[in-house]
Visitor: 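Input: one structure, supplied below.
Lettering follows sequence order; numbering is per chain, from 1. Please read all numbers here as calculations on a predicted model, not as lab measurements. Side-chain atoms are counted along with the backbone in the values below, which use heavy atoms only and exclude waters and symmetry mates.
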Amino acid sequence: MSSLADQLAASIQALVAAAINNGELSGTAPDSIVLERPKNRDHGDYATSIALQLAKAAGKNPREVATLLQSAIAALPGVSKVDIAGPGFINITLDRANQAELVRTILSNSAKYGHGDALNGVTVNLEFISANPTGPLHLGHTRWAAVGDALGRVLKAAGANVVQEFYINDRGRQMDLFGQSVQAAAQGLPIPEDGYQGEYIKDLAKEVVASNPGISTSEDFREAAYKVQLAQQQGVLNVFQTHFDIWFSERSLHESGAVEHGLDKLREQGHVFELDGAIWLRTTDFGDDKDRVLVKENGELTYFASDTAYYINKRERGADICIYMLGADHHGYIHRLRAVSACAGDNPDYNIHVLIGQLVKIMEGGEEVKLSKRAGTIITLEELVEKVGVDAARYTLIRYPVDTPMVMDIDVLRSNTNENPVYYVQYAHARIAAVLRNVAELKIPTGLENFDPSQLTHDRENELLGTLAEYPRIVASAAELREPHRVARYLEELAGVYHGFYADCRVLPLGDEAVGPIHSARANLCAATMQVIANGLSLLGVSAPERM
RNA sequence: GCGCCUGUAGCUCAGUCGGAUAGAGCACCUGCCUUCUAAGCAGGUUGUCGCUGGUUCGAUUCCAGCCAGGCGCGCCA
């Protein structure tokens, strides 16, 4: 499904190519042409600067080039007017009735409207959160829980086969400390130095002892507490509407021989060497600032060895693209992970993509809440949801690009005002639902057979249609750039445009006014808008309420 | 020292194939509900887009160098 703008852009591209072929223009035709939606409404429905770009090679001034293309563009189907403005911009105004056909497209595609095929046949492994199973998920994980899940939905909408995966670090020193900490708490002994101090350890200890009478060794405590803690994380993520297809255990990686297999594969590729009794991967061949140890002098595997094997494992399980979502404190991993990909014989520019999320600060009562494990002021995902609800938390976390540090203001998120954009968007949806309930009650005919696009000629209707038409491009770019926040920002714009339409364009008949085609047309336009808002919110994992 | 990220209105932040007069919300004023959800709409005020150069018809956007802030640089996990 290609949008009207895409079709138009392709047609114009063909016109340019033709002009060059028949000698009207010199130079080379661009592969594609960008049609943008002008900020200024006087500049038409779409605009392109193609004439300015072609001018130099053509040896003509930009306005001449634009003039050359003008009449041919005006003759394209659906175009009503073409103006040349400023230094040579081509401003295109669409035929309004033709544009309104979009309502049919949206309503007949319903939940599929906006989906694309850019990633058809591509399998994407999306790994995020990947916390240690040694405690509750906290704010640092929360951003990824929301953004990662939303990105997964966006990638699926672009046609990808997405595997959302959580890597459980259930092996190594942290797990042992965790077991010892729970054991100490259960036995009334002091928690070991470097151990886990939180109150939750005591709760875990009680629960473990209650369900495992006679438990005594730290290994048993570790295993029992691990199960409980992991289940707790899974439960919270479930409440947070964050789905994982695979919970991948680091232990299983070792037990299955995948680590050895990964090392073999790297050896075959010739980037492994020995030095000082250790086994190294020559990541400096591919941009890392130092080589990395895989097997220590004492024979133990490093954590890096697991990471490496895990990457290879993902690829062998069918992932074409492995996306990693890491916290800012792990940004040092970018180079080495990309180097791993290259060392395994892959193309790091395609097969691996590392996203780094900056930190989230939290404000409450006008003050920043300092997060400290020691002081016990860690905010967990569970607490955040209790405070502000799933929708507000998810939406707020998603609406900012991940590479900006963000501040969450708890008081704002709790408020039912415009400061809280999720309500602005949801309100538009609920408002439409209310209108459509009234439409049904008044028996205004709404089927597409009753839809007359030529009724929709008001500026507000035109603006709304134009915004609805943008949705597929937004989804496609969000997927391509791995930036789900674009969907949220778009929905805010769409909601605003709808509210403007609503203020100026009455949907229901007033007073004794007879029901006519205008009412049916607007009701369908409302339904189409509601569909797009619902589609967008579902990509964010945020509910679309019928009533508020 | 090296690397990643950030610097846009009083505050929180949008703005990637370089485009026309740089946007939104909040805050501060002014209007709009005896018929669709006022959690809304319309209007007003706010800017050396960190600084300096470069690339060109044109730069908040691309490049280089500075300045400021955050974070990271283990045979730790």
Visitor: Please state whether the rings of A:Trp280 and A:Phe273 are parallel, tilted or perpendicular, taking 30° and 60° as the class boundaries.
Guide: parallel

Visitor: Strictly below 4.0 Å: does A:Tyr424 bring a side-chain N or O up to OP1 or OP2 of B:C41?
Guide: yes

Visitor: Using the P atom as the point on both nucleotides, what is the distance between B:C26 and B:C41, in whole Å?
Guide: 9 Å

Visitor: Would A:Tyr303 and A:Asn169 count as a side-chain hydrogen bond (donor to acceptor under 3.5 Å, both in side chains) if you check the C-alpha gap in whole Å, the side-chain angles of each, and the deciding distance to 0.1 Å?
Guide: CA-CA 10 Å; A:Tyr303 198 82; A:Asn169 297 122; 2.2 Å; yes

Visitor: A:Leu436 CG to B:C36 C1': how many Å, rounded?
Guide: 10 Å

Visitor: Give me each pair satisfying salt bridge (Lys or Arg N to Asp or Glu O under 4.0 Å) with a member in residues 512-530 of chain A, each pair once, sequence neighbours excluded.
Guide: A:Glu461-A:Arg522

Visitor: Please determine, for the side chain of A:Arg431, which listed nucleotide (B:A38, B:C41, B:G19) has the closest atom?
Guide: B:A38

Visitor: Measure the shortest side-chain to side-chain distance between A:Met406 and A:Gln358 over non-hydrogen atoms and say whether it is less than 4.5 angstrom.
Guide: no

Visitor: Do the side chains of A:Leu281 and A:Asp291 get nearer than 4.5 Å, heavy atoms only?
Guide: no

Visitor: Can the positive tip of A:Arg338 be found less than 6.0 Å from the middle of the six-membered ring of A:Phe286, inside 45° of the ring normal?
Guide: no

Visitor: Tell me: OH of A:Tyr498 to C1' of B:U37, nearest whole Å?
Guide: 10 Å

Visitor: With the criterion being N/O to N/O and under 3.5 Å, what pairs connect the protein with nucleotides 45-47 of chain B, and how long is each?
Guide:
none

Visitor: Go along nucleotides 12-17 of chain B 5' to 3' and tag each nucleotide: B for a protein heavy atom under 4.0 Å from its base, S when only backbone or sugar atoms are that close, - otherwise.
Guide: SSSSBB

Visitor: In whole Å, I'd like the distance from the CZ atom of A:Arg173 to the P atom of B:C75.
Guide: 16 Å

Visitor: Please tell me if the side chains of A:Leu465 and A:Val103 come closer than 4.5 Å, counting only heavy atoms from C-beta onward.
Guide: yes

Visitor: Rounding to an integer number of angstrom, what distance separates B:C62 and B:G7 when you compare their P atoms?
Guide: 11 Å

Visitor: Any side chain to side chain donor-acceptor pair (under 3.5 Å) pairs touching residues 495-506 of chain A, not counting sequence neighbours?
Guide: A:Arg431-A:His499, A:Arg460-A:Asp504

Visitor: Take the protein atom CD of A:Glu463 and the nucleotide atom P of B:C41, then report the distance between them rounded to whole Å.
Guide: 12 Å

Visitor: Using a 4.5 Å cut-off on heavy atoms from C-beta on, say whether the side chain of A:Ile362 contacts that of A:Leu384.
Guide: yes

Visitor: A:Val293 has a side chain; which of B:C75, B:G19, B:G40 sits nearest to it?
Guide: B:C75

Visitor: Applying side-chain hydrogen bond (donor to acceptor under 3.5 Å, both in side chains), name anything that partners A:Lys296, two or more places apart in sequence or on another chain.
Guide: A:Glu300

Visitor: Which one, B:C36, B:C41, B:C71, comes nearest to the side chain of A:Leu359?
Guide: B:C71

Visitor: Taking for each residue the nucleotide of RNA chain B with the nearest heavy atom, is it A:Glu250 or A:Gly86 whose nucleotide lies nearer the 5' end?
Guide: A:Gly86

Visitor: With sugar-phosphate meaning primed atoms plus P, OP1 and OP2, does A:Asp276 contact a base, only sugar-phosphate, or nothing at under 4.0 Å between heavy atoms?
Guide: base

Visitor: Have a look at A:Ser306 and tell me which of A:Glu250, A:Arg171, A:Arg251 forms a side-chain hydrogen bond (donor to acceptor under 3.5 Å, both in side chains) with it.
Guide: A:Glu250

Visitor: Just compare B:C36, B:A20, B:U37 and give me whichever is closest to any side-chain atom of A:Ala85.
Guide: B:A20

Visitor: Hey, could you give me each pair passing ring pair (Phe, Tyr, Trp, His ring centres under 6.0 Å) that has a residue in residues 472-494 of chain A? Not counting sequence neighbours.
Guide: A:Tyr471-A:Tyr490

Visitor: Can you check whether A:Asn438 has a side-chain N or O nearer than 4.0 Å to OP1 or OP2 of B:U37?
Guide: yes

Visitor: May I have the distance from A:Asn298 (atom CG) to B:C76 (atom C1'), rounded to whole angstrom?
Guide: 13 Å

Visitor: Do any N or O atoms of the protein come closer than 3.5 Å to N or O atoms of nucleotides 56-64 of chain B, and which pairs are they?
Guide:
{"residue": "B:C57", "atom": "OP1", "partner": "A:Lys56", "partner atom": "NZ", "Å": "2.8"}

Visitor: With the threshold set at under 4.0 Å for non-hydrogen atoms, list the residues of residues 280-291 of chain A touching RNA chain B in residue-number order.
Guide: A:Trp280, A:Lys290

Visitor: With a 4.5 Å limit on heavy-atom distance, are the side chains of A:Leu294 and A:Phe304 in contact?
Guide: yes

Visitor: Is A:Leu508 touching bases, backbone alone, or none of the nucleic acid, heavy atoms closer than 4.0 Å?
Guide: base

Visitor: What nucleotide among B:G72, B:G70, B:U37 has an atom nearest to a side-chain atom of A:Gln358?
Guide: B:G70

Visitor: Go through the structure and list residues passing side-chain contact (heavy atoms from CB on, under 4.5 Å) with A:Glu480, not counting sequence neighbours.
Guide: none

Visitor: Starting the side chain at C-beta, find the nucleotide from B:U37, B:C75, B:G19 nearest to A:Lys296.
Guide: B:C75

Visitor: Base, sugar-phosphate or nothing for A:Glu297? Non-hydrogen atoms, less than 4.0 Å.
Guide: base

Visitor: With sequence neighbours excluded, tell me which residues meet salt bridge (charged side-chain N to carboxylate O under 4.0 Å, His left out) with A:Glu255.
Guide: none

Visitor: Heavy-atom nearest nucleotide on RNA chain B for A:Phe501 versus A:Asp307: which residue maps closer to 5'?
Guide: A:Phe501

Visitor: What is the nucleic acid contact for A:Gly511, judged by heavy atoms within less than 4.0 Å: base, sugar-phosphate only, or nothing?
Guide: base

Visitor: Heavy atoms under 4.0 Å, any strand shown: does A:Ile50 hit a base, just sugar-phosphate, or nothing?
Guide: nothing

Visitor: Counting Watson-Crick and G-U wobble pairs whose two distances are both under 3.5 Å, find the runs of 3 or more in a row that involve RNA chain B.
Guide: B:1-7 with B:67-73, B:10-13 with B:23-26, B:28-32 with B:40-44, B:50-54 with B:62-66

Visitor: Any side-chain heavy atom of A:Met408 sitting closer than 4.5 Å to one from A:Val360?
Guide: yes

Visitor: Using only side-chain N and O atoms of A:Arg506, determine if any of them is under 4.0 Å from OP1 or OP2 of B:C33.
Guide: no

Visitor: Provide, to the nearest angstrom, the distance between the NZ atom belonging to A:Lys361 and the C1' atom belonging to B:C71.
Guide: 12 Å

Visitor: Could you work out, with ring pair (Phe, Tyr, Trp, His ring centres under 6.0 Å) as the rule, every residue matching A:His429, not counting sequence neighbours?
Guide: none

Visitor: What nucleic acid atoms does A:Glu546 come within less than 4.0 Å of, heavy atoms only: base, sugar-phosphate, or nothing?
Guide: base

Visitor: Tell me what A:Ala55 touches on the nucleic acid: a base, only sugar-phosphate, or nothing, going by heavy atoms under 4.0 Å.
Guide: nothing

Visitor: Would you kindly give the CD-to-P distance between A:Glu492 and B:A24, to the nearest whole Å?
Guide: 13 Å

Visitor: Under 4.0 Å, heavy atoms only, any strand: does A:Ala328 hit a base, just the sugar-phosphate, or nothing?
Guide: sugar-phosphate

Visitor: Counting the atoms with a prime plus P, OP1 and OP2 as sugar-phosphate, which does A:Arg171 contact under 4.0 Å by heavy atoms, base, sugar-phosphate, or nothing?
Guide: sugar-phosphate

Visitor: Between P on B:C75 and CZ on A:Phe273, what's the gap in Å once rounded to a whole number?
Guide: 11 Å

Visitor: Taking the side chain as C-beta and beyond, is there a heavy-atom pair between A:Val388 and A:Ile410 under 4.5 Å?
Guide: yes

Visitor: Could you walk me through whether A:Tyr310 and A:Tyr167 pass ring-ring contact (aromatic ring centres under 6.0 Å, His included), step by step?
Guide: CA-CA 9 Å; A:Tyr310 187 32; A:Tyr167 183 57; 4.1 Å; yes

